Amino acid sequence: MNDYDHKKIEGKWQKEWEKQELYKVEDKDKDNFYTLVEFPYSSGNLHIGHWYTFAVPDIYARYMRMTGKNVLYPIGFDSFGLPAENAAIKRNLNPKKWTDENIEYMRGQLKSIGASFDWSRELKTSDPDYYKWTQYIFTKMFEKGLAYKSEAAVNWCPSCMTVLANEQVVNGLCERCDTEVEKKKQEQWMLKITDYTEDLLSGLDDLDWPEEIKESQRNWIGKSRGMLLKFKVGDGEVSVFTTRPDTICGVTYIVLAPEHPLIDKLDINNRKEVEDYIGKSLKKTELERQTDQKEKTGVKLEGVFARNPITNEEVPVYVADYVLAAYGTGAVMAVPAHDDRDFDFANKFGLPIKEVVIPNRVDKKNPPVPGKKSVERQNVHVVVKNPKDGKYLLLKWKEYDWTTFPMGGVEEGESLIEAAKREVLEETGYKNLINGKVLGGQVRAEYFAAHKDENRVSFTNLVTFDLENEEQDEVDEEESSKHEVCWVDGKDLTLEKMTHAEMDVWISRLDKESGAYTGDGVLVNSDARLPIFGKEHENEEFRKTITGIVQRKDGKILCVKWKEFGWTSLPIGGIDKGELPEEAAPREVLEETGYKTKVVRRIGGPVEMHFYAENKKVWRNRLDQAVLLELIDDKQEDISKEETERHECMWLNPEEAINNMTHPENRLCLERLVRSDDSYTEGADEIKGYNFNGIPNTKVEIPGEKKTTYRLRDWSVGRQRYWGTPIPVVYDPEGNPHPIPEENLPWTLPEDVDFKPTGEPPLAKSKELKERTEKIFGEGWRPEVETMDTFLDSSWYFLRYIDPRNKKEISSKDIQKNWMPVDQYFGGSEHTTMHLLFARFFQRVLYDLGMVTEQEPFKKRLNRGLIMGPDGSKMSKSKGNVVDPDEVVERVGADTVRMYLAFIGPYAEVGSYPWDMGGIVGIRRFLERVNSIKITESSDAIKSLLQKTIKKVTDDFILFKFNTAISSLMIFLNSVQKEGIGKDEYLVFLRLLAPFAPHLLEELWKKSGMKESIHLSKWPKYDESMVVEEGVKVMVQIDGKVRGSILVDKDISDNELEKIVTSDEKLSGWISKDYEVKKVVKNRLISLINKSA
RNA sequence: GCCGGAGUGGCGGAAUUGGUAUACGCGCACGACUCAAAAUCGUGUCUCGCAAGGGAUGUGGGUUCAAGUCCCACCUCCGGCACCA
């Protein structure tokens, strides 16, 4: 029979704590710790997931408080918004009343958790004292031009009769009611979050947040660097955004978004057809646009052509809704050969596909041999499949360890298919091949052809056939002496087994027929030129050189500072005759700087430059190839005195290095390195590099500029609904908007409103609002009738908690200095790209307005997991799997619920946990056992274990691993029940448990005769000397298997170690008389083998 | 398709710098107490094997004396984005 009466204990202490105002927080100027949890939406009642949200962070808050911090753990309610309004409409209630009643109920629920909230700071966003400041911030944004009205296509939910933010549209459906969302053009209040994209992006770098959260914000912002290129169209011009300017010669048509303004101005022969199309596509709902994705649609603008600025070709212009008006310029240059979407469109409309980038491979098995002559070849590789058994025809070379497809050169005047057939016949004798097909375009490769003793640069096509029958001609003796013909399974066509350098490309093409090639490669069919620095001059001295880009593990770049000239450059050196840049680079870098390096890859293509060499008094023409190298080891070897005197080495971040380079060609190759995203294209960089740098070049001119675009759009914030913060704007008789002055704030939400949705904003029906506006501003003035998206309410609430009753400002900057930024912010992953981004945006705006002290609001962030229903799916009323916490608390007590939720898994991981009522009894039993501990005396073993337990629990708190902390407390209790425990150790144990089960522990603490609350006591410290294990653990391996470990003194000699091991009771059983010590790793391992075995 | 995260017993999950995988809890089985049950306490519980021993951390390779942990390729699940040029 146990006497753990949780109801009595919990009720008693909750009342007592409230009476004592135990968790009321003072504003001090030191040791402050701000723990924040996303405040709940006032939806009515809390489910068990809310306990997970609030109770587990409370455990952390209590721990922090015991370590001596002045902890603020506030609570409030996000109380404006659609659900309140919808529920109110359904039940014919006033939303305010509904909300307030909900809050009243939820407050009681939240108190039953036993959380250490400071209730004196409670706030709710629908309170005029609160939304006054939301409005104030809005007016300030308006004044700065950050809040503006604009005609924009908005997401309109016909059922909720309101505009939705992009974030509230899920798969084309309204997030709340699953109705198909329509696109509608409308005057909209927008917040200019795009003014802050760069700040929001770069601010992430220094935040101590989990990388995955930062990464998804980065993705959401969606930065991409590219170029704006101009195409002449008719009399006008169209600007397109592209991340692949290198493919410009492959443009075969231009596409405009249906909304593109240029369409109106063009002289189009089929205007009616075009306008019909535009009308249709604009009316499409978001969902239709998405489901139509696979089928591309569009209409050609008859009589309109665009001129390719490089090739001067005229290409047709289309309007198609696969191009988005809101991204880039709303127009794209279509390169079907290298873009999947353009490829689909071109196929459907029969447009030409021009390949300008082909993959390039350097054969690693047979690399080019320096000094050998180099030959260019047109090749075919032939895949012959025997449909009967699915096998493929291969050649095994006799003299070399090669396995290849039948292959050979394409002869003058011969088609690829003809060449392929001829080669198969010559090499294998098979003569009846059908279904010949060329798979994809060419692939360039560099390799050494040992059988011809020459280096080759090949351009190879892949040709496939089926074998019609097995008839074979005699194979020439010369051929059959070279290789053996064999048939293999499809699964043997792997990178490892095949010799072709192109094999990876072949594999992917054989897998999925051909499509657009979107990867890297070399430029072909393009009139690409080198970037050229300086002007040609007579009597130039010509040199081939390399530039070495040496990158260290930490990303820094090796730079060279020249003492005599004051230059900063990268290591540069000459290429000796017959040498490859890959060979010259490490050699030159070693000579110049003393660092040993190995080649990673070339960066970009060659760069030509002309300059006057001051020291040698000659004009030089250099052809330079940049090579990326990585450091083999950090040590610098000695270099010649001459070199040391000329320059010194330093390591700079890539960005820094770019800024410091004296020479433009150095900057160019570093830039190429930095932006080597997947659009890095070796030959193509000629064009890219040129334009990204604005380097004067007489040969190529692309009209265009560097441009960065973002996926992030401005934030649409107006809502045509009632229950929200009124937008604090009035219009003068001319219709111009004016912010409401501070003295008239809060601009209260009118109450004489029928808020049932009709499509007209409810506030428009308020007589009071209209009269109020005219009374204050004058005849003919009218109020704004929209309310704000609730995400504005929650974008700054953390600033209000710290100074909740301030009448003069959102919160005092002095108080902000004490508390901001929030030390630890707990929340759900669903807010990663919404609330969290908006709050950061607000904070930065407020910072620029001088209203806050910090640029970033949240120092640390943790995304918690999700508690699922008992059936393993997300809890929802419609599924009927919502777990009511009140019932559970009634049965087992708040302490048990809190602790169980902490035990369920690591809190810092975004997992999902089905609520399992079975598992909770383990915690209940544990607390019952804690409740019935009898005090006796402590053994040494218990004392020592307690020290280890303190350390474990303390360490786990720092990592939010409450589950393993509890596990170690359980281990301790198990041991106590065997060994007994004395009073001192008992009291320490109680304190370790206090954050988890605050009520029970307060009870036991007071029962032990303590006067002051356990929650004001200090967190136990452990004795370092009792925790650290003496000596080192050495693993013992016998016959290659780990058979145990022994604890020995540090740095013990091998002989002694051997003696200890062989005389060890457990280990000696494994060791025969005739053994040998095979290996000893100091302080780590001893490995023995039994010889006789 | 792209970007994240994760795959370990019947279940939730443990596992320092790579060092005896499966801690802790649930469940289950057996035992004690009981007329009986519940509760409680005790013992056992990855798998094959009588045992000695062997095999297991999604799959396949690799590095290493040693891999759940590091590297490469792939599969599955979850979350986010998605015609973003």
Side-chain angles (χ1 to χ4, degrees), chain A residues 1-2 170-171 210-220 222-224 226-227 240-244 247 255 257 289-290 292-296 320-324 326-335 338-342 344-345 494-496 518 678-679 709-713 829-830 832-833 863 865-866 872 900 903-906 909-923 925-926 928-929 932 955 961 963-974 977 1033-1045 1066 1078-1081 1084-1089:
Chain A
M1 181 66 202
N2 83 82
V170 179
N171 293 328
E211 225 21 74
E212 74 246 33
I213 302 181
K214 298 207 270 184
E215 199 50 35
S216 60
Q217 284 209 354
R218 287 190 192 109
N219 282 338
W220 185 263
K223 178 173 181 168
S224 74
M227 281 182 81
V240 301
F241 174 73
T242 179
T243 54
R244 295 290 304 268
T247 61
V255 195
R289 257 197 151 176
Q290 278 178 26
D292 288 354
Q293 252 181 53
K294 280 174 205 126
E295 225 7 70
K296 296 243 177 329
D321 63 8
Y322 81 90
V323 173
L324 305 177
Y327 184 79
T329 60
V332 302
M333 60 177 219
V335 187
H338 306 293
D339 181 283
D340 289 323
R341 295 151 302 179
D342 299 341
D344 290 346
F345 190 86
T494 62
L495 278 184
E496 291 76 29
T518 56
D678 51 6
S679 66
T709 57
Y710 303 88
R711 207 192 70 99
L712 187 72
R713 316 281 158 81
S829 54
E830 70 275 20
T832 302
T833 51
N863 280 359
L866 213 58
Y900 177 58
F903 186 58
I904 210 162
E909 275 171 32
V910 190
S912 56
Y913 308 101
W915 175 258
D916 170 18
M917 210 39 217
I920 204 169
V921 309
I923 297 290
R925 277 178 205 151
F926 172 74
E928 283 170 5
R929 284 157 66 205
S932 55
D955 290 349
K961 292 180 75 172
N963 55 336
T964 46
I966 292 171
S967 149
S968 68
L969 290 165
M970 286 171 165
I971 292 169
F972 183 74
L973 180 65
N974 290 344
Q977 293 200 316
K1033 192 164 90 171
V1034 173
M1035 304 308 298
V1036 181
Q1037 214 174 47
I1038 297 156
D1039 290 336
K1041 291 215 183 282
V1042 177
R1043 293 302 185 189
S1045 67
K1066 277 186 212 147
K1078 200 178 150 203
K1079 187 164 184 168
V1080 178
V1081 182
R1084 285 241 171 247
L1085 172 97
I1086 177 163
S1087 179
L1088 310 177
I1089 46 170

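Every chain is numbered from 1 and lettered A, B, ... according to where its sequence line falls, protein lines coming before strand lines. Since the model is a prediction, treat every value here as computed from it, not as a measurement.
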Visitor: Hey, mind stepping through A:I923 and A:M970 against side chain to side chain contact (heavy atoms under 4.5 Å, CB included) and telling me if it holds?
Guide: CA-CA 9 Å; A:I923 297 290; A:M970 286 171 165; 3.8 Å; yes
Visitor: Considering every strand shown, what is the Watson-Crick or G-U wobble mate of B:rG7 when both distances are under 3.5 Å?
Guide: B:rC75
Visitor: Between B:rG68 and B:rU63, how many Å separate the two P atoms, rounded to a whole number?
Guide: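 Nearest-Å result for B:rG68 against B:rU63 at atom P: 16 Å.
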Visitor: According to the Watson-Crick and G-U wobble definitions, with both distances under 3.5 Å, which nucleotide is paired to B:rC70?
Guide: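 B:rG62 is the nucleotide pairing with B:rC70.
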Visitor: Could you tell me the separation between the CE atom of A:M1035 and the P atom of B:rU20, rounded to a whole number of Å?
Guide: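 Distance check: A:M1035 CE to B:rU20 P gives 5 Å.
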Visitor: Kindly write out the residues that satisfy side-chain contact (heavy atoms from CB on, under 4.5 Å) with A:P210, not counting sequence neighbours, or none if the list is empty.
Guide: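 A:E212, A:I213.
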Visitor: Taking all heavy atoms of A:N963 and all of A:F903, pick out the closest pair and write down the distance.
Guide: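 Distance-wise, the nearest heavy atoms are CB-O, 3.4 Å.
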Visitor: Using atom P of each nucleotide, how far apart are B:rG58 and B:rA21 to the nearest Å?
Guide: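 About 15 Å, rounded to a whole number of Å.
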Visitor: May I ask you to list the residues of residues 963-970 of chain A, by number, that have any heavy atom positioned under 4.0 Å from an atom of RNA chain B?
Guide: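 By residue number: A:N963, A:T964, A:S967, A:M970.
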Visitor: Can you tell me the distance, in whole Å, between the CH2 atom of A:W220 and the C1' atom of B:rC3?
Guide: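 Answer to the nearest Å: 13 Å.
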Visitor: Is it the case that B:rC3 (base atoms only) and A:E215 (side chain only) share a donor and an acceptor within less than 3.5 Å, ignoring hydrogens and angles?
Guide: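 Check fails, no donor-acceptor contact within cut-off.
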Visitor: Is there a Watson-Crick or G-U wobble partner for B:rU17 with both distances under 3.5 Å, and which nucleotide is it?
Guide: none
Visitor: Give me the distance, rounded to whole Å, that separates B:rU8 from B:rA23 when you measure between the P atoms they each carry.
Guide: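 Those two atoms are separated by 16 Å.
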Visitor: Between atom CZ in A:F926 and atom P in B:rG12, what is the gap in whole Å?
Guide: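 Checked: the CZ to P distance equals 23 Å.
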Visitor: Whole Å only: how far is the OH atom of A:Y913 from the P atom of B:rC78?
Guide: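 Distance check: A:Y913 OH to B:rC78 P gives 17 Å.
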Visitor: Considering just the side-chain nitrogens and oxygens of A:S912, establish if one lies under 4.0 Å of OP1 or OP2 belonging to B:rG79.
Guide: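 For B:rG79, OP1/OP2 do not have a side-chain N/O of A:S912 under 4.0 Å.
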Visitor: Name the pairing partner of B:rC33, where a pair is Watson-Crick or G-U wobble with both distances under 3.5 Å, or state none.
Guide: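 Per the H-bond distance test, none.
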Visitor: Between A:Y327 and A:S224, what is the shortest heavy-atom contact and its length?
Guide: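 Result for this residue pair: OH-OG, 2.9 Å.
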Visitor: Rounded to the nearest Å, what distance is computed from the CG atom of residue A:L1085 to the P atom of nucleotide B:rU17?
Guide: 19 Å
Visitor: In terms of base orientation, is B:rG68 syn or anti, with the syn window spanning 90° either side of 0?
Guide: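 In terms of base orientation relative to the sugar, B:rG68 is anti.
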Visitor: Rounded off to whole Å, could you give me the CG-to-C1' distance for the A:N974 and B:rU43 pair?
Guide: 14 Å
Visitor: If the condition is salt bridge (Lys or Arg N to Asp or Glu O under 4.0 Å), which residues does A:R218 pass it with, not counting sequence neighbours?
Guide: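 A:R218 satisfies salt bridge (Lys or Arg N to Asp or Glu O under 4.0 Å) with A:D205, A:E211, A:E215 only.
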Visitor: How would you label the contact of A:E212 with the nucleic acid (heavy atoms, under 4.0 Å): base, sugar-phosphate, or nothing?
Guide: sugar-phosphate
Visitor: Quick check: on RNA chain B, is the nucleotide nearest A:S829 upstream (toward 5') of the one nearest A:I904, or the reverse? Name the residue that is more 5'.
Guide: A:I904
Visitor: Just wondering, do A:F241 and A:T243 contact through their side chains at under 4.5 Å, heavy atoms?
Guide: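 Of all side-chain heavy-atom pairs linking A:F241 with A:T243, at least one is under 4.5 Å.
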Visitor: So which atom in A:T833 and which in A:S216 form the shortest heavy-atom distance, rounded to 0.1 Å?
Guide: CG2-O, 3.7 Å
Visitor: Are A:R711 and A:N219 close enough that a side-chain donor and a side-chain acceptor fall under 3.5 Å?
Guide: no
Visitor: Please work out which of the three classes, parallel, tilted or perpendicular, describes the rings of A:F345 and A:Y322, given edges at 30° and 60°.
Guide: tilted
Visitor: Of the listed nucleotides (B:rC26, B:rA85, B:rC83), which one gets closest to any side-chain atom of A:K296?
Guide: B:rC83
Visitor: Of all heavy-atom pairs between A:H338 and A:T518, which one has the smallest distance, and what is that distance?
Guide: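 Result for this residue pair: O-CG2, 3.5 Å.
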Visitor: Heavy-atom nearest nucleotide on RNA chain B for A:R929 versus A:D342: which residue maps closer to 5'?
Guide: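 Final value for this comparison: A:R929.
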Visitor: Please state the C1' separation for the pair B:rA6 and B:rU69 - nearest whole angstrom.
Guide: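 Approximately 15 Å lies between the C1' atom of B:rA6 and that of B:rU69.
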Visitor: Tell me: CD1 of A:I923 to P of B:rG12, nearest whole Å?
Guide: 17 Å
Visitor: Please determine, for the side chain of A:D321, which listed nucleotide (B:rC83, B:rG27, B:rA82) has the closest atom?
Guide: B:rC83
Visitor: In whole Å, what separates the P atom of B:rG55 from that of B:rC71?
Guide: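 The answer is 26 Å between these two P atoms.
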Visitor: At under 4.0 Å between heavy atoms, what does A:F903 touch on the DNA or RNA strands: base, sugar-phosphate, or nothing?
Guide: base
Visitor: Return no unless some side-chain N or O of A:R925 is found under 4.0 Å from OP1 or OP2 of B:rC41.
Guide: no
Visitor: Pick the P atom in B:rG61 and in B:rA14, then give their distance to the nearest Å.
Guide: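 29 Å, rounded to whole Å.
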Visitor: Could you measure between the two P atoms, the one in B:rC24 and the one in B:rC41, and give it in whole Å?
Guide: 15 Å
Visitor: Going by modelled atom types, is there a donor-acceptor pair between the base of B:rU17 and the side chain of A:R1084 at under 3.5 Å?
Guide: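 It does, because a donor-acceptor pair links the side chain of A:R1084 to the base of B:rU17 below 3.5 Å.
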Visitor: What integer number of Å spans the C1' atoms of B:rG9 and B:rG44?
Guide: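 It comes out at 15 Å once rounded to the nearest Å.
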Visitor: Under a 3.5 Å cut-off for both distances, is B:rC46 Watson-Crick or wobble paired, and to whom?
Guide: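 B:rC46 is paired, partner B:rG55.
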Visitor: Checking contacts here: which listed nucleotide (B:rC24, B:rU20, B:rA85) is nearest the side-chain heavy atoms of A:T242?
Guide: B:rA85
Visitor: Can you tell me the base-pairing partner of B:rG1? Count Watson-Crick or G-U wobble geometry only, both distances below 3.5 Å, and say none if there is no partner.
Guide: B:rC81
Visitor: For a quick check of understanding: with a heavy-atom distance under 4.0 Å over all strands, which category does A:P906 fall into, base, sugar-phosphate or nothing?
Guide: sugar-phosphate
Visitor: Between A:K223 (NZ) and B:rC81 (P), how many Å, whole number?
Guide: 22 Å
Visitor: Measuring from the side chain of A:I971 (C-beta onward, heavy atoms only), which nucleotide among B:rA85, B:rA15, B:rC24 has the closest atom?
Guide: B:rC24
Visitor: B:rA85 phosphate, OP1 or OP2: any side-chain N/O from A:Y327 under 4.0 angstrom?
Guide: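 So the side chain of A:Y327 is within the cut-off, an N or O lying under 4.0 Å from OP1 or OP2 of B:rA85.
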